[in-house]
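Take a look at the structure below.
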Protein chains: 2
Amino acid sequence: MEENKNIRIIDIAKMAGVSIGTVDRVIHNRGRVSQKKLEKVKAILEQFNYTPNIIARSLVSKKSYKLIALIPSFAENEYWMYVAQGITKAAEEVRAYGVVVEQHHFNQYDKTSFDRAIEAIKSIEFDGIVIANFFKTSVITLSEFLNEKDVSYVYIDANIYDQHPLAYYGTNSYDSGAIAAQMMLERIDHNKDILVSKISYQQDELSNQVLNREKGFLDYLQNARYSGKIVDVRLKVEDPLYNFNTLDQIFRQHPNGAIAGAITFNSSCHILAHYLKEKEIRDIYLVGYDLIEKNRALLKEGTIKLLIGQRPELQGFNAIKALSNKIILGVDPERINFMPIDLLIKENVDYYKDF
Amino acid sequence: MEENKNIRIIDIAKMAGVSIGTVDRVIHNRGRVSQKKLEKVKAILEQFNYTPNIIARSLVSKKSYKLIALIPSFAENEYWMYVAQGITKAAEEVRAYGVVVEQHHFNQYDKTSFDRAIEAIKSIEFDGIVIANFFKTSVITLSEFLNEKDVSYVYIDANIYDQHPLAYYGTNSYDSGAIAAQMMLERIDHNKDILVSKISYQQDELSNQVLNREKGFLDYLQNARYSGKIVDVRLKVEDPLYNFNTLDQIFRQHPNGAIAGAITFNSSCHILAHYLKEKEIRDIYLVGYDLIEKNRALLKEGTIKLLIGQRPELQGFNAIKALSNKIILGVDPERINFMPIDLLIKENVDYYKDF
DNA sequence: TTGGAAAGTGTTAACGTAAACACATTTTGA
DNA sequence: TCAAAATGTGTTTACGTTAACACTTTCCAA
């Protein structure tokens, strides 16, 4: 296996005593080559470890590939904006290779919206898709459809273990719940109460992500022989007044600092934080997820004590890159790619900007 | 500003009623274009927001660029190996554009070795350099030489504020020391003692990095009205026996758990950890820097309580990318790029693999 | 005023790969 | 047996940019 950086098709052709056309046919397994020449050319390709110049390849190839990113719609500075930024950044890098990325959005609180987006996608031709893994049954149906059509798909945010995406980028949700519990138990009395708040839209079902985090959290508490009470509360994205009153009622039922810790398992921790701030309740160890702007501010001023980050930009970026590397270079990515579980506190949050 | 994805030189030429040669001269400011045509072409370039196809550009350009990375030599799984991995990864990405990266190593504990490497570099032709910012005066001399020759340079690891590198990638050392202090004071009695261990080679001078971290650490303690004693100890990279005896002596002088915390300001925390482990001293909150393999193991088993990470791979990767983007695309990077100050504990360390 | 330099402009080859095309030879089947 | 189909092979064009080159026109100094 001789090392040679820049051996070209024409060099191979000369050495094999054939034309570049023949070498090209061998490289691409297009047939129409005699057994004798085929072997000769293959041997020389092997010997010189020929690798095509991808620059030249993508210049000539007028082929363009379409990738789809199926993610929730988002407002400024919401969680999925950061994922979208990573997607866009990757899209810029791969554009030169003829890869075009198209974002399709859905309402993350509404399964029918997700299903509608899927239907729309089914009628499009595309070469790969990044799926924000929200509604399990829908995602499974879509995955089977894609298997059928032999189109690569990558999950982000959450994984489904008995499916076989090209890759998964996201955290280990269960463990990140356990870490939240560990950090909390280090700071609070083990027999005081913990408020667990779930925030959703109307009576919507919760995402796998949230459910897994909660499981990790509760399991950890149990193993650590936590002896306080878990106080559950369900808040509503669209109804601040309802939230306020509900929380008021809960804190009346648990007076005098009975509640020592509080947690939400998604990025909407700021809702709970605003209540605590308004009521000037300062002695609660409040933990949330995701470094969105609203949370960042409340972390810096001290209402939120800990945020757990999951590298949304990197998830989006890597997912697109994985698909495009698969398509352009034929390179398979790692199947499971857990993102770091970043611990963000007041003091280090300023250094988490674009990651 | 009309949007048009793939406008080509020939399209511009047609619209301006000139040849592609003229458009090319305008784009590259090569002169030899009449005022009238120049304005016309510029207007159209502007209007259609022409961006060159970098694929085609780099295909035609036989030019190759050489970048140098001046970093310490390293053994398997030492800190600088991770930086080198980031450099190598970036090198692979930019190779297709004719950028070649050459690593030059020096002994990080030996200034004369650094100076020798610099002399060697001075006799080479190259287009950009990444400098591991170790010995201040030497780096300043080198920087001035590079300014003279108009060659771009990027600092990593530490910064020098009155110099003007193309960019800096690394942490804010002072703040990362303060964060270490904050985490420690949350766990230990404020009037117990803290062991501050500095580890170097023979009587060598300490790096700016270590000095700044220490300053941030001590300043934080002072502001937080910490009332214990700081116990300083200087260990030696090459002399385990010396280290063992020195520590033994210190712990004899501070018996009965007088020392509640310990910290090293570089990646050699494992030396201290091994002593504590051997002596079965378990009630010390030990903090170190950098997720190298030796530290990882000791963190997982609980001897080290906290590691502060600084994304070595990303530093190396970004530094090379910055230089190559500057050279190939003419794009200037951000000047100061602080890496996140990652908090690594037993529970989340498994998810920090390749970042 | 004139000849050579300078300025202005268009044409073309090159980068390495892909694939259409042209052509020759062999094989197949009625 | 012979035309059509299949196989084997080399040639050429295209991708978009760059830069060398060729050519024409203008300018200036002797």
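Proteins come first, then strands; the chains are lettered A, B, ... in the order of their sequence lines, and each starts at number 1.
Minimum atom distance to the side chain of B/I20 is reached by C/dT12, of the listed C/dT17, C/dT12, C/dG8.
Note: NZ (A/K37) to C1' (D/dT9) measures 6 Å, nearest angstrom. When the P atom of C/dG8 is taken as reference, atom CG of B/L38 falls 10 Å away, rounded to whole Å. Rounded to whole angstrom, the span from the CG atom of B/L59 across to the C1' atom of D/dT18 amounts to 10 Å. Rounded to an integer number of Å, the gap from NZ of A/K40 to P of D/dG8 is 18 Å.
Dashed line: the shortest gap from a side-chain N or O of A/Y50 to OP1 or OP2 of C/dG16 is not under 4.0 Å. In this structure, B/S34 does not reach the C/dA7 phosphate: none of its side-chain N or O atoms is under 4.0 Å from OP1 or OP2. Taking only side-chain nitrogens and oxygens, B/S58 never comes nearer than 4.0 Å to OP1 or OP2 of D/dT17.
The nearest heavy atom of DNA chain C to A/R57 and to B/S19 marks one nucleotide each, and the one closer to the 5' end goes with B/S19. Taking for each of B/R25 and B/P52 the nucleotide of DNA chain D with the nearest heavy atom, the 5'-most of the two is the partner of B/P52. Nearest-nucleotide positions on DNA chain C for B/G31 and A/I27 put B/G31 closer to the 5' end.
Contact annotation for A/R8: backbone-only contact, meaning every heavy-atom pair under 4.0 Å involves sugar-phosphate atoms and none involves a base. Using a 4.0 Å heavy-atom cutoff across all strands shown, A/I9 reaches sugar-phosphate atoms only and no base atom. Using a 4.0 Å heavy-atom criterion, one finds that B/V33 contacts the sugar-phosphate atoms exclusively. As judged by a 4.0 angstrom heavy-atom cut-off over every strand, B/R32 is placed among the base-contacting residues. Within 4.0 Å of B/N53, counting heavy atoms only, lie sugar-phosphate atoms of the nucleic acid but no base atom. A/S61 comes within 4.0 angstrom of no nucleic acid atom, judged by non-hydrogen atoms across all strands. At the heavy-atom level, A/I54 lies nowhere under 4.0 Å from the strands shown.
Using cut-offs of 30° and 60° on the angle between ring planes, the pair B/W80 and B/F134 is tilted.
Of all non-hydrogen atoms in B/L166 and B/A322, the two that sit nearest each other are CD2-O, 4.2 Å. Closest approach of A/V60 to A/R57, counting heavy atoms only: CG1-O, 3.0 Å.
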Between B/R95 and B/E92, does a salt bridge (Lys or Arg N to Asp or Glu O under 4.0 Å) hold up when you go through it step by step? CA-CA 5 Å; B/R95 212 186 76 192; B/E92 278 161 18; over 6 Å; no
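Side-chain atoms of B/R30 and base atoms of C/dG8 include no donor and acceptor less than 3.5 Å apart.
Between the side chains of A/Q310 and A/Y82, no donor N or O sits under 3.5 Å from an acceptor N or O.
Applying the side chain to side chain contact (heavy atoms under 4.5 Å, CB included) test between B/Y153 and each of B/I68, B/L142, B/V130, B/I131 identifies B/I131 as the sole match.
More than 12 heavy atoms of other shown residues, nucleotides or ligands fall within 6.0 angstrom of atom NZ in A/K122.
For the helix from C/dT1-D/dA30 to C/dA30-D/dT1, the end axes, each set by the C1' atoms of five terminal pairs, are bent relative to each other by 50° (nearest 10°).
Classification of B/K14 and B/D11 as a salt-bridged pair fails, no side-chain N sitting under 4.0 Å from a carboxylate O.
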